[in-house]
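Right, one structure below, let's go through it.
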Amino acid sequence: MLRMSSLFLRTLRDDPADAEVASHRLLVRAGYIRRIAAGIYSWLPLGYITLRNVERVIREEMDKAGFQEVHFPALLPKEAYEATNRWQEYGPDLFRLKDRKGGDYLLGPTHEEMFTLMVKSEYSSYKDLPVSLYQIQNKYRDEPRPRSGIIRGREFVMKDSYSFDLSDEGLNFSYAKHRAAYIDTFNRLGLKYNIVSAMSGAMGGSKSEEFLAPCPTGEDTYVLCEKCGYAANVEAMKTTVAAKDSQSAPAMEELDTPNTPTIDSLVDVLNEKYGSGFTAADTLKNVLLLADGKPISVLVPGDREVDLKRLEANLSGVQEIALFTDEDFAKHPDLVKGYVGPQDAKRLGVTLYADPRVAPGTSWVTGANKKNRHMRNVVNGRDFEPVAYIEAAEVKSGDACPECSGPVIIDRAIEIGHIFQLGRKYAEALSLTVLDKDGKAQVVTMGSYGIGVSRAVAAIAEQTHDEIGLSWPAEIAPAKVHIVATGREDEPFNVAEQLGGQLEALGLSVLLDDRRDSSAGVKFKDAELIGIPVIVVVGKALAEGKVEVRVRKGGEKQEVLVADAPALVKSLL
RNA sequence: CGGGGCGUAGCGCAGCUUGGUAGCGCACCAGGCUGGGGGUCUGGUUGUCGCAGGUUCAAAUCCUGUCGCCCCGACCA
């Protein structure tokens, strides 16, 4: 039994000045966590119990699925990460350090390499597969901007699993098992979430899904079709636009459009000089970028912006994308800022990409590559030809669902889990092979699966808190029951103590507020702030032999005879 | 990387413009009253004023540098 009189806890009356989001504010105020440095937090007793409860649920579900727990160091030598090139690729996000001999080490940001090497060193036969291993470990990433308390930290707790299979079918099966285990896990954690298709990344089109907990303070944006259930990270959202046939459209025509460097100004002048009815959607925006230093132009409808994150995620084989600066325009005098058009792309030395919305056969108003001039009737396929179609335009609420064409909504969420078919990238880089039936070496195929454990604590807090404090689901609360003894006589304290014992005998963990020197008001406020699901008040009602049982979420209260309290409490959990 | 803001007691803040040797609330300690909604009275404890340098008889305050923290933007052709 935890006793408030001796619990290492100090709740704060005021919100900490550096906390913005609810989970951060309340976890600090309620004495769960304390900040040590940007994105680095300590866990106090109540917080650490909660974190371990989340870990326990995850561990139980992983074990139930037949995955085996191992544990790696967080401190790792660089060699394995050099073999997969991540020592370079991770860049400044990687915490690097040297030992006394000058050897390079890192604090693991994720452990694909180590798991791959472990399986390599132990297993060498197809008969050993499949196998799935996991660990719960601290991860270290030197984030450019740690944020929102525990939601994006530089040190955080992650459960990472890796599956190893001989065949693609095997990988599909392992992936499905993890997906099912994640569903069970997040359900038990009391999280609301959507499973959303995510970017498969640069490595060969394998499957990837994210578990997103909807929450206004989340950092991820995703689309959801309420009609058919389609859900996708905006980066992975597919747009389908039918090709048109505007081959018979009139020939291109140059228009005099003075002082129209922006879409808005262009639309105004078009409507003024060339008839009404032009909208931004009729114009074609040519967004110039440098892809690894080479100029490219991305074509999107004028009423859309380019979403750089989507573009980057979908443009494979390119390391770095940068917007054209005035300097870049100066280096390419043929590219007239504000009046760029795709029809002369070859002559101008620009590689053309188009968003799918700029479908083959569509006709546009676009820049004439001359100052103060635009062209109309510029037809895709006749007057210009993109080398590829890539998802680049921003997604808007109401856009058509790729599955059912219904309108999608856009929502924000916290990414709490990510499951991913890695394929053979790491196994190849680190030569993880097993002998097949014919005695031939086969490269193993892998999946990787992550749950943000500490982040899940924050996500649950975000989804369950109210104006007065935290409000945990029973499964992860630091205790199931919070008993508050009030008054100055001994009796309520004795009754509370006894009741605590009875509840513990029923298997319910108890936090007992046995502080003699605090007023009832202080104890009630603390109980609400701390957020244990059932609160039992032992005080006034004791005159009739009763205690008051309150449900933290919703606040319903009822008085029951002391003897009936344990059964009632148990029924509420 | 850019923009904005902030570093003064465990927490929240004032003091800085106009330099004179640090204050308020909460918390904490002692005692009294109160005892079901952060109650009250009296007395107390707590500070390298982020750090370094400079100006000055004198710096929390002015100047320079530096470190740290928070928020916003990572973009509009």
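Letters A, B, ... are given to chains in the order of the sequence lines, protein chains preceding strands, and every chain is numbered from 1. Side chains included, hydrogens not; waters and symmetry mates left out as well; all remaining heavy atoms used. Everything numeric here is computed off the predicted structure, so don't read it as measured data.
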Sorted by position of nearest nucleotide on RNA chain B, 5' first, the leading residue of A/I468 and A/A19 is A/I468

* Please check the phosphate of B/rC72 (OP1 and OP2 only) for any side-chain N or O of A/R145 closer than 4.0 Å. => yes

message = Please give the distance between the C1' atoms of B/rC28 and B/rA9 as a whole number of Å.
response = 11 Å

When both distances are under 3.5 Å in a Watson-Crick or G-U wobble arrangement, the nucleotide paired with B/rG73 is B/rC1

Taking B/rC57 as the reference, what is the distance to B/rU48 when you measure between their P atoms (whole Å, please)?
29 Å

Hydrogens and angles aside, do A/Y389 and A/D355 bring a side-chain donor and acceptor to less than 3.5 Å of each other?
no

What integer number of Å spans the P atoms of B/rU45 and B/rA30? 14 Å

Practice item. Can you tell me, in whole Å, how much space there is between the P of B/rC24 and that of B/rG68? Key: 33 Å

Roughly how many Å apart are B/rU42 and B/rU21, using the C1' atom of each and rounding to a whole number? 29 Å

>> Does a side-chain N or O of A/R13 approach OP1 or OP2 of B/rA27 to a distance below 4.0 Å, or not?
In response: yes

Side-chain atoms of A/A17 come closest, of B/rG12, B/rA77, B/rG38, to B/rG12

Base, sugar-phosphate or nothing for A/S265? Non-hydrogen atoms, less than 4.0 Å. nothing

Between A/D307 and A/L12, the residue closer to the 5' end of RNA chain B by nearest nucleotide is A/L12

Open item on the list: Could you tell me if A/R552 sits above the aromatic ring of A/W472, with its cationic atom closer than 6.0 Å to the ring centre and no more than 45 degrees from the axis?
Closed with: no

A/D517 atom CG is separated from B/rA27 atom C1', nearest whole Å, by 13 Å

Checking B/rA77, B/rG37, B/rC70 against the side chain of A/D18 (C-beta onward), the nearest is B/rC70

Ranking B/rA74, B/rG12, B/rG37 by distance to the side chain of A/F524, first place goes to B/rG37

query: Which whole number of Å gives the distance between the P atom of B/rG32 and that of B/rG19?
result: 49 Å

Closest of B/rC11, B/rG36, B/rA74 to the A/D14 side chain is B/rC11

Separation of B/rG37 atom P from A/L529 atom CG, nearest Å, is 18 Å

In Watson-Crick or G-U wobble terms, with both distances under 3.5 Å, the base opposite B/rC13 is B/rG23

Check the side chains of A/E20 and A/S148 for a donor-acceptor pair under 3.5 angstrom, ignoring hydrogens and angles. no

Between B/rA52 and B/rU40, how far is it from one C1' atom to the other, in whole Å? 47 Å

By the Watson-Crick or G-U definition, both distances under 3.5 Å, B/rC62 is matched with B/rG54

- Message: Please confirm whether the ring centroid of A/F384 lies under 6.0 Å from the ring centroid of A/W364.
- Response: no

B/rC6 -> Watson-Crick or G-U wobble partner, both distances under 3.5 Å, gives B/rG68

**Report entry** Distance, P atom - from B/rG20 to B/rC49, rounded to whole angstrom
**Finding:** 16 Å

Atom CZ of A/R25 and atom P of B/rC70 are separated, to the nearest Å, by 17 Å

Against the side chain of A/V306, the closest entry in B/rA77, B/rC69, B/rG36 is B/rA77

Rounded to whole Å, the CZ-P distance (A/R35 to B/rC71) equals 10 Å

pair_partner(B/rU48), Watson-Crick or wobble, both distances < 3.5 Å, evaluates to none

Is a side-chain donor or acceptor of A/K480 paired with a backbone partner of A/V534 at a separation under 3.5 angstrom?
-> no

> Using the benzene-type ring in the case of Trp, are the ring centres of A/H24 and A/Y41 under 6.0 Å apart?
Replying inline: yes

